[in-house]
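Note that the structure is predicted; figures quoted are calculated from it, not measured. Atoms within each ligand, like the ligands themselves, are counted from 1 in listed order.
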Amino acid sequence: MDETRNIVILTGAGISAESGIDTFRGGGGLWEQHRVEDVATPEAFARDPNLVLRFYDMRREAIQTKRPNPAHDALARLDANWKGGLLIVTQNVDDLHERAGAPYGIEPRVLHMHGEHLNAWCTFCDARSRWSGPLADRPECPRCGARALRPDVVWFGEMPYRMDEIHAALRMADLFVSIGTSGAVYPAAGFVQTARDLGVETLELNLERSQGSHWFHETRLGPAGELVPAWVDEVLAG
Ligand code: NAD
């Protein structure tokens with residue numbers, strides 16, 4: 001592939017599955033024994049903040065024990081070696097893309113459209129702070145001191161982050177690749193249609209066909225830990 005081409009990659013929970021992080025829909029409709037609407041909506045937070053904060057504290061603690069897998073490593077290798085434009089848009093709130101970039105001495109070009117587990121958002125002063133500990137004990141915001149921190153993750157019913165940047169990247173893209181996402185959560189699920197409308201080539205890498213699979217020019221099925229390194233080798237070989 002011509003090394004000056006622009007690539008936009010969308011990743012979802014499936015790319016982190018082989019690192020031991022549960023996907024949303026892997027557990028028979030339950031996410032870590034909870035219904036999504038009980039832990040991942042603003043209504044749930046208003047109704048039972050302790051439950052929601054404890055749930056995210058558990059997830060935040062868990063992801064820090066996980067490691068990037070060969071799929072994250074391969075994307076970091078692509079990032080370190082690709083001369084053209086590259087943007088990794090992730091729906092994931094883990095930091096495995098960033099950690100995979102470390103051996104290459106680069107900060108990978110990653111945009112977290114659904115926020116990050118390792119950030120806390122102060123709903124009083126709007127500051128975001130890097131956060132690795134619990135929030136359920138209502139710590140003070142490092143900026144303003146208010147005890148009004150929540151996980152900096154986008155819940156169902158909230159607006160994803162940085163949509164303008166994502167659409168700008170899609171407009172410039174030559175290739176759109178979707179990895180490990182079910183195609184059930186909008187607006188991310190609609191990026192492939194936007195890409196098609198713009199005349200961008202599209203490729204899906206997933207364990208099974210996603211809901212929007214028919215929109216892709218090509219679909220490759222299998223575990224991300226195998227498909228992604230093979231695809232990156234292909235791209236870098238030109
Ligand atoms: P999803 O759970 O809806 O879908 C996961 C997809 O990954 C499925 O299509 C599944 O077939 C595929 N998959 C599972 N194992 C795979 C593997 N080893 N290799 C390749 N594909 C595999 O997840 P989604 O589409 O990302 O959307 C749900 C939401 O879940 C997102 O908004 C995301 O923020 C959130 N989420 C994030 C994490 C995380 O940060 N790691 C974990 C769970 C959920």
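In summary, the atoms of ligand 1 found under 4.0 Å from a heavy atom of Ser16, numbered by their order in the structure, are 41 (N). Residue Val93 has at least one heavy-atom neighbour below 4.0 Å for each of these atoms of ligand 1: 39 (C), 40 (O). Of all atoms in ligand 1, numbered sequentially from 1 with element shown, those under 4.0 Å from a heavy atom of Val185 are 27 (O), 28 (C). Using a 4.0 Å cut-off to heavy atoms of Ile21, the atoms of ligand 1 that qualify are 41 (N). Near Ala17, the atoms of ligand 1 lying under 4.0 angstrom from a non-hydrogen atom of the residue are 15 (N). The contact set between ligand 1 and Gly180, taken as ligand atoms under 4.0 Å from a residue heavy atom, comprises 5 (C), 6 (C), 7 (O), 21 (N). For ligand 1, the atoms lying closer than 4.0 Å to a non-hydrogen atom of Gly12 are 26 (O).
Distance alone, capped at 3.5 Å, is enough to place a donor-acceptor pair between the His217 side chain and the Thr202 backbone. A donor-acceptor pair under 3.5 Å is absent between the side-chain atoms of Arg59 and the main chain of His117, judged by distance alone. A distance-only check finds a donor-acceptor pair linking the side chain of Gln64 to the backbone of Ser132 [under 3.5 Å]. A distance-only check finds no donor-acceptor pair linking the side chain of Glu204 to the backbone of Phe216 [under 3.5 Å]. Side-chain N or O atoms of Arg67 include none that pairs as donor or acceptor with a backbone N or O of Ser19 at under 3.5 Å. For the pair Arg143 (side chain) and Ala146 (backbone), a donor-acceptor distance under 3.5 Å is absent. A donor-acceptor pair under 3.5 Å is absent between the side-chain atoms of Asn119 and the main chain of Asp152, judged by distance alone.
Any N or O atom pair closer than 3.5 Å counts here, and Ala224 shares at least one such pair with ligand 1. Checked against a 3.5 angstrom limit, the closest N/O atoms of Gly183 and ligand 1 fall outside it.
Within the 4.0 Å heavy-atom criterion, both parts of Thr23, backbone and side chain, lie near ligand 1.
Using a 4.0 Å cutoff on heavy atoms, Asp22 counts as a contact of ligand 1. For the ligand labelled ligand 1, residue Arg59 lies inside the 4.0 Å heavy-atom shell. Remark: distances from the non-hydrogen atoms of Pro223 to ligand 1 include one below 4.0 Å.
When Ser178, Ser210, Gly14 are ranked by how near their heavy atoms come to atom 17 (C) of ligand 1, first place goes to Gly14. In this structure, of Glu18, Glu208, His112, the residue bringing a heavy atom nearest to atom 10 (C) of ligand 1 is Glu208.
Under the 4.5 Å side-chain criterion, counting only non-hydrogen atoms from C-beta, Val154 is not in contact with Met113.
Scanning for ring-ring contact (aromatic ring centres under 6.0 Å, His included) contacts around His112 gives an empty result, with sequence neighbours left out.
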Can you check side-chain hydrogen bond (donor to acceptor under 3.5 Å, both in side chains) on Asn6 and Arg171, steps first, answer last?
CA-CA 10 Å; Asn6 294 323; Arg171 281 195 294 276; over 6 Å; no
